[in-house]
Amino acid sequence: MSVKNSDTAVVLRRGAFSTISAGISALRLDGPSLVALVTLVVIAVFAFVVPPFLGDVNSMGADSFAPPGLTYLMGTDDLGRDVFSRFAYGARMSLSVGVLAALTSCIIGVTLGAIAGYMKGAVDIVLMRIAELFQVIPRFFLALLVIALFGTNVVFIIMTIGLLGWPEVARITRGEFLSLREREYVLAARSGGQSTRAIIFSEILPNAMPPLIVAMTMQVSSAILLEAGLSFLGLGDASNPSWGLMLNEAQQFLTRAWWMAVFPGLGILVTVAALNVFGDHLTDVLNPRLRGGAR
Amino acid sequence: MSADIVNSASPAGEKRGLAGRLRTLRYIGLKILSAIPMLIGVITVNFLLVHIAPGDPISILVGETAPTEEQVAALYAKLGLDQPLYVQYWEYLVSVFKGDLGYSYVMQADVVDLIAARIPATVLLMLSSLLVFTVLGVGLAVLVARKPRSVFDRAGSILAVIGYSVPAFWLAQIALVVFALNLRWFPTSGMTSSRHVYEGFAYAGDVLLHLFLPACVLGMRYLAINFRYARASMRDALSQDYITTARAKGLSERRVMFHAFRNGVLPIITVFGLNVTDILAGAVLTEIVFGWPGLGRLMYDAMYARDYPLLMGMFVFVSIGIIITNLVVDIVYSIFDPRVGLK
């Protein structure tokens, strides 16, 4: 474990290119994780490259409820809108919300977790009690209440989901900081007169990265699921289709148009499954302590 | 956290002395005490939301209904809006602890009564699904634990990933289309048939028929979660020294598995506590798809009617439910595992 972490520290100090190649070889990809990674890359490329070629996502065609076929790959919906276009835009929306919300929770979680783990004492106790409270509060219900009260705007949805995910990240960061702050190199930096900020950001944080990367992956997948659930309830941004919103629209036409429900749901399933498989693999590679554990 | 304790120490089932019992009691007492700040925290979050949200509290709570002058005056007096904020907060805290979750102007009823009416349906759905699929998940995991990397193990793991990643409400929609709308094996919605009024066993059968699809959809997640955890902890238990000892003593493979099972399955109790939030959210969404008359449906209607008192009451209610569930899980765990509370 200690050998592993110092390896990573060395890697992180090299140039960008060698970091990436070293990163890829350090991933030790096997069958399932390779499939998961490729799937994720394909979905991401699809989500961000395809939509601009598709024209207006809300333009209505003459055919409503056209089944999937050569003209309409995924059929059309009740208003004659092309489900494939909406699927592609939905991918972009779902992924963006997932990644940005996860980033938000990571920034908050890492900052608070680092403070708690480095300062210890009263600050630590107070911060961790707050984290505990936010872990017990049902995320889905709080998000629902907040968005219902404050409005369904994309930025707001991202912030809400992001704000609700930080405790898990904070706990992991805190744990890493608690153990890393006692290491010799931190002691050396401290006796060398480095500032607390420098110690936190350039000595400890790089070595705490492996478990944080895993946590980030899991945050993205749970944010995507949370966004889908909220949009399914109609608490999404109606002007930007997301996969969850499409499932909401599909609900009342389940009898007539199964394709309205099947494709967006598959999109969520495949993306979240790939993230989970890849995250599990990262746990095995980066976090050998947890190997054999279920999470 | 508790899983670590189990994995690192000796097998469970050692005899407990008086000191051990006292330790467990002390642990339970501490857990109950630490739940109280949580409750206050949840209520505080709810209180703050009403005051931070755009618009004044009265119009938020009243929503789009047109209340009478007396109702507004009564609400104004009850919230104590002319009093300082800390007095309002205290009044609110006290009223929630007394079991008053507010009044729904849309439904013209007390929030507590509205929620109470829906609890049985949700509990029926969640418990039946939980029981059946926990047993299935753990059972499958025990079956494959002896042969890691076999075909069944891999198939189980793939299914678990799907069950873990699939949005419950989508699975519900697909199940509805396939089994209810096309194959017509199951009714499409509700908890009982509206055309016939059954009694006795026929009534129970009718409810079971309606329950089957939503329970299965919801259960996929339990199945996946339990399989993942039980598989990992069984494999961990099987690699422990006492298993090697048991094998060396010449115990039959069945006895060996039973040995591992006792210790390997204990962490499963905590799994429920850890995942109860997600599971409840899944239940709510599943209920909406199947028109199951539980809390989910109530929440959905409340949301569309902009019935904020009901939404907020449900949030507090669900949070309290989760805090209590976690408390019970911790207590049950400490009773089964003598080492909890040692540190």
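Just so it is clear, the values below take in all heavy atoms, side chains as well, and ignore hydrogens, waters and symmetry mates. Order of the sequence lines fixes the chain letters, A, B, ..., with proteins taken first and strands second; residue numbering starts at 1 for each chain.
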- Message: Taking every non-hydrogen pair under 4.5 Å, which of Ile224(A), Val270(A), Leu225(A) racks up the most with chain B?
- Response: Leu225(A)
- Contact leader toward chain A among Ile174(B), Asn326(B), Leu280(B), where contacts are heavy-atom pairs under 4.5 Å: Leu280(B)
- Which is it for Met216(A) and Val169(A) under the side-chain contact (heavy atoms from CB on, under 4.5 Å) test, yes or no, and what are the steps along the way? CA-CA 8 Å; Met216(A) 172 84 187; Val169(A) 184; over 6 Å; no
- Task: With sequence neighbours excluded, give me every salt bridge (Lys or Arg N to Asp or Glu O under 4.0 Å) pair touching residues 153-163 of chain B.
- Result: Asp153(B)-Arg231(B)
- Query: Is it the backbone or the side chain of Leu235(A) that comes under 4.5 Å from a heavy atom of chain B, or both, or neither?
  - Reply: side chain
- Task: Please look at Met312(B) and chain A and tell me whether the side chain, the backbone, both or neither of the residue comes under 4.5 angstrom of a heavy atom of that chain.
- Result: both
- Message: Using heavy-atom distances under 4.5 Å, tell me whether Val177(B) contacts chain A through its side chain, its backbone, both, or neither.
- Response: side chain
- Query: Contact part of Val277(A) toward chain B, heavy-atom cut-off under 4.5 Å: side chain, backbone, both or neither?
  - Reply: side chain
- Pairs of heavy atoms under 4.5 Å with chain A: top-ranked of Ile162(B), Val289(B), Val161(B): Val289(B)
- Roughly how far, to the nearest 0.5 Å, is CD of Glu227(A) from CD1 of Ile157(A)? 6.5 Å
- If one checks every heavy atom of Met38(B) against chain A at 4.5 Å, the contacting part turns out to be both
- Listed once per pair and sorted, the ring-ring contact (aromatic ring centres under 6.0 Å, His included) pairs that draw on residues 240-267 of chain A, sequence neighbours left out: Phe65(A)-Phe253(A), Phe87(A)-Trp243(A)
- Item | Nearest heavy-atom neighbours spanning Gln251(A) and Phe232(A) | OE1-CZ, 4.0 Å
- Among Pro37(B), Gly282(B), Ala281(B), single out the residue with the greatest number of heavy-atom pairs under 4.5 Å to chain A. Ala281(B)
- Query: Checking heavy atoms, do the side chain of Leu176(B), its backbone, both or neither come under 4.5 Å from chain A?
  - Reply: side chain
- Just how far is it from atom OG1 of Thr160(A) to atom CD1 of Ile147(A), taken to the nearest 0.5 Å? 4.5 Å
- Quick one: closest heavy-atom pair of Ala228(A) and Ile268(A), and the distance? CB-CD1, 3.7 Å
- Who wins among Thr325(B), Val318(B), Val42(B) for the most heavy-atom pairs under 4.5 Å with chain A? Val318(B)
- Message: Could you check whether any side-chain heavy atom of Phe315(B) comes within less than 4.5 Å of a side-chain heavy atom of Leu142(A), counting everything from C-beta outward?
- Response: yes
- Message: Under the salt bridge (Lys or Arg N to Asp or Glu O under 4.0 Å) definition, can you give me all pairs with a residue in residues 152-167 of chain A, not counting sequence neighbours?
- Response: none
- When you measure from the side chain of Trp170(B) to the backbone N and O of Pro167(B), does any donor-acceptor pair fall under 3.5 Å? no
- Query: Going by residue number, which parts of residues 128-141 of chain A are within reach of chain B, meaning a heavy-atom gap below 4.5 Å?
  - Reply: Arg129(A), Glu132(A), Leu133(A), Val136(A), Ile137(A), Pro138(A), Arg139(A), Phe140(A), Phe141(A)
- Any Glu287(B) side-chain heavy atom under 4.5 Å of Pro214(B) side chain: no
- Residue Leu145(A) versus chain B: region with a heavy atom under 4.5 Å: side chain
- State, without any angle test, whether Ser165(B) and Asn276(A) hold a side-chain donor-acceptor pair at a distance under 3.5 Å. yes
- Message: For Val178(B), which atoms come within 4.5 Å of any heavy atom of chain A: side chain, backbone, both, or neither?
- Response: neither
- When the 4.5 angstrom heavy-atom criterion is applied to Ser34(B) and chain A, the contacting part is both
- Message: Would the distance check show the side chain of Ser105(A) and the main-chain N or O of Ala101(A) forming a donor-acceptor pair, the cut-off being under 3.5 Å?
- Response: yes
